[in-house]
Amino acid sequence: MANYEDIFKKVVAHAKEYGFVFQSSEVYDGLGAVYDYGPYGSELKNNIRTYWWKSMVNMNENIVGIDAAIFMHPTTWKASGHVDAFNDPLIDNKDSKKRYRADVLIEDHTAKIENKIEKEVKKAAKRFGNSFNQEQFINTNPRVLGYKEKISAIMARFSKAMENDDLADIKTQIEELGIVCPVSGTKNWTNVRQFNLMFKTQMGSTADGANDLYLRPETAQGIFVNFLNVQKTARMKIPFGIAQTGKAFRNEIVARQFIFRMREFEQMEMQFFVRPGEEIQWYEHWKDARIKWHHSLGMGEENYRFHDHENLAHYANAACDIEFKFPFGFKELEGIHSRTDFDLKSHQEHAGRKLQYFDPEINESYVPYVVETSIGLDRMFLTILSHAYNEEKVNGDTRLVLNIPAMLAPVKAAVLPLTKKDNMPEKAREILKELQCDFNCQYEEKDSIGKRYRRQDAIGTPFCITVDHQTLEDNTVTVRDRDTMEQSRVSIDKLHSIISKKVDIKNYLQ
RNA sequence: GCGAGUGUAGCUCAGGGGUAGAGCAUCACCUUGCCAAGGUGAGGGUCGUGGGUUCAAAUCCCAUCACUCGCUCCA
């Protein structure tokens with residue numbers, strides 16, 4: 001395991017050293033859980049996005065794309081459930097290190113008092129036998145009344161504190177009630193804090209009169225609110241899908257594992273709208289289609305697995321993850337969820353507008369069910385980078401190579417004059433010019449040829465094209481393969497097709 | 001938020017009270033010319049930040065910040 005961690009460390013260091021990923025705002029000591037993509041990183045990221053887009057949107061005639069804004073009407077997040085689900089006041093016990101929802105602690109406490117009432121009732125029932133009038137007892141017994149008063153006093157104070165955002169009072173209340181941690185049994189509590197999943201900001205240039213907005217925590221809602229727009233304008237018939245890539249933001253509590261978990265990240269999502277009752281069949285369809293997409297990259301089928309969700313979210317009736325074997329273990333890479341009609345229905349209610357589809361085949365209107373595929377672009381990036389990173393032994397020496405799927409490689413070919421003399425640089429630049437238009441290429445003349453090969457290996461360039469003396473005579477060059485290190489001599493006019501053959505997306509899309 | 005660790009050159013690290021070091025990398029020139037590490041030279045750091053102790057602090061003390069790991073959290 002330590003070995004895996006070492007490899008992961010090396011991957012992270014490599015990502016920085018070779019301009020793939022930098023820590024955000026590094027000159028200011030960094031910003032937690034935020035990263036920037038460098039020259040090669042941004043190329044790789046673009047290539048991954050393009051591959052996804054082509055295979056999802058361009059290769060499926062019933063899927064179209066959109067690009068929705070990051071800002072959305074605040075009610076969107078009420079409808080999606082994000083506002084309510086993440087307003088919980090949280091408190092930690094310093095001894096057990098356990099975190100609790102403050103409202104749950106207080107509710108548990110009142111539940112205990114309720115139990116006491118029940119006990120009183122049972123006792124009384126025994127005592128009075130058949131003549132026992134439970135209702136009367138509860139309304140008159142001084143002890144029971146005392147308990148009830150206690151409960152309502154607690155709840156009243158708690159609600160008031162919540163309304164006023166008086167977190168300090170909630171803590172005081174927990175202390176005064178003598179609530180102890182169920183694990184450690186102590187009253188050693190931290191302050192009550194609220195963790196917001198969503199980033200809040202303001203729209204409007206003046207502070208007063210500005211509206212609170214959120215940076216979207218998921219891209220899906222941009223698709224749902226545009227459901228009718230897209231369906232009508234692109235004349236889509238169910239079943240059909242809407243895809244989009246874009247940034248999403250989450251105020252997570254801590255940062256871990258490099259770009260695996262970021263506050264600002266990019267999603268590649270597709271929401272597929274289907275007839276109610278057919279969602280599970282489509283869910284299976286997309287599970288299959290998506291795992292095939294992953295396998296198409298040739299990074300080892302054994303490195304992927306499905307993980308079915310046991311606890312389904314409020315909106316889902318089936319859900320699974322595709323997990324990839326990262327250096328730190330199998331982790332979620334993509335989610336496939338059958339989201340039912342929850343989202344569209346909820347928007348329908350909150351917006352007061354019908355979000356329905358008239359299905360001419362069955363002559364009926366309904367709110368479509370949705371099957372979602374949602375993959376993290378940054379996670380996909382990490383998948384590729386960590387899988388591609390290899391240290392090979394070559395003649396007692398270590399070769400560091402990124403075996404990135406050729407189609408995704410940031411640079412497809414490097415054109416290298418063997419020496420800086422005898423017109424070789426000029427010839428090499430001629431070749432570069434020829435290839436540049438179709439492939440991202442590099443020209444390099446510094447250092448020994450071997451050194452240049454290794455530098456290209458380190459950024460995952462599939463081809464190195466070397467111009468030598470013979471080139472000037474017969475227009476042939478050597479082409480060196482990244483993965484095998486083998487060289488072959490080919491004529492310059494074959495270069496285009498040799499590179500194409502390996503890097504064309506067509507070879508990967510089935 | 002708790003606990004632990006780390007912060008010295010672009011990278012990896014050494015140094016441990018007395019005016020900053022190595023290797024690699026970078027740049028220039030020379031040399032070589034098909035798989036890294038040839039030669040000569042150069043640039044680059046007030047040792048995370050602030051304060052304290054001291055004649056003197058990168059070094060000791062305190063605080064603080066950032067990062068890493070574990071816990072917590074992660075529709």
Side-chain angles (χ1 to χ4, degrees), chain A residues 2 5 8-10 12-14 16-19 22-33 77 80-86 88 90-101 183 188-193 195 197-198 217-218 220-221 248 250-258 260-263 309 311-316 319 328 331-332 335 337 339 342-343 372 374 392 394-401 416-422 424 445-458 464-470 477-482 484-487 489:
Chain A
E5 278 161 23
F8 185 53
K9 265 185 198 159
K10 283 182 182 173
V12 174
H14 189 83
K16 188 195 170 185
E17 190 178 351
Y18 286 90
F22 306 124
Q23 168 122 55
S24 163
S25 318
E26 209 189 339
V27 292
Y28 292 109
D29 285 329
L31 185 61
W77 308 113
S80 70
H82 284 85
V83 171
D84 293 331
F86 301 101
D88 308 325
L90 299 174
I91 188 166
D92 294 335
N93 183 272
K94 288 180 188 170
D95 298 313
S96 66
K97 318 280 185 225
K98 293 283 174 200
R99 173 166 296 162
Y100 301 93
R101 277 170 55 178
V183 175
N188 193 7
W189 298 106
T190 64
N191 287 333
V192 176
R193 298 175 307 266
F195 290 105
L197 173 95
M198 293 190 286
E218 64 176 19
Q221 301 304 327
R250 289 185 197 178
N251 233 335
E252 281 173 310
I253 297 161
V254 284
R256 273 311 116 89
Q257 280 150 342
F258 196 42
F260 185 80
R261 202 162 277 169
M262 295 199 288
R263 294 211 162 92
H309 285 204
N311 301 319
L312 295 173
H314 56 281
Y315 53 71
F328 40 84
K331 293 278 175 179
E332 176 184 355
H337 297 183
R339 293 182 75 126
F342 173 86
D343 297 279
E372 163 188 279
S374 173
E392 286 180 5
V394 179
N395 301 332
D397 169 41
T398 305
R399 179 172 84 117
L400 213 161
V401 57
L416 318 167
L418 190 59
T419 74
K420 272 186 270 191
K421 314 177 287 209
D422 305 332
M424 283 184 232
E445 60 180 25
K446 199 182 143 43
D447 290 319
S448 74
I449 192 69
K451 226 171 183 180
R452 281 178 276 169
Y453 285 157
R454 298 301 177 88
R455 260 206 301 269
Q456 293 299 331
D457 288 340
C464 285
I465 296 157
T466 304
V467 172
D468 56 19
H469 287 97
Q470 195 184 330
V477 290
T478 60
V479 175
R480 181 245 192 203
D481 183 274
R482 176 196 68 196
T484 63
M485 291 171 64
E486 274 165 18
Q487 286 172 261
R489 183 158 276 281

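Letters go in sequence order (proteins before strands), and every chain restarts at 1.
B:U12 is paired with B:A22 under the Watson-Crick or G-U wobble criterion, all donor-acceptor distances under 3.5 Å. The partner of B:C27, taking Watson-Crick or G-U wobble pairs whose two distances both stay under 3.5 Å, is B:G41. Pairing partner, B:U49: B:A63, with both Watson-Crick or wobble hydrogen-bond distances short of 3.5 Å.
One donor-acceptor pair, N or O on each side, does fall under 3.5 Å between the base of B:C34 and the side chain of A:Q487. Evaluation of atom-type donor-acceptor distances gives a pair under 3.5 Å for the side chain of A:R480 against the base of B:C35. The base of B:C35 is not paired with the side chain of A:D457 by any donor and acceptor separated by under 3.5 Å. The base of B:A75 lies close enough to the side chain of A:E218 for a donor and an acceptor atom to sit less than 3.5 Å apart.
Across B:U26 and B:G15, the matching C1' atoms stand 24 Å from one another, rounded to whole Å. Taking atom P in both B:G21 and B:G43, one finds a spacing of 14 Å when rounded to whole Å.
Residue contacts for A:R455: at a heavy-atom cut-off of 4.0 Å it reaches the sugar-phosphate backbone alone, with no base atom in range. Within 4.0 Å of A:K331, counting heavy atoms only, lies no atom of the nucleic acid at all.
Taking the charged nitrogens against the carboxylate oxygens, A:E372 and A:R339 do have a contact shorter than 4.0 Å, which makes a salt bridge.
Nearest-nucleotide mapping onto RNA chain B: of A:G450 and A:F258, the residue sitting toward the 5' end is A:G450.
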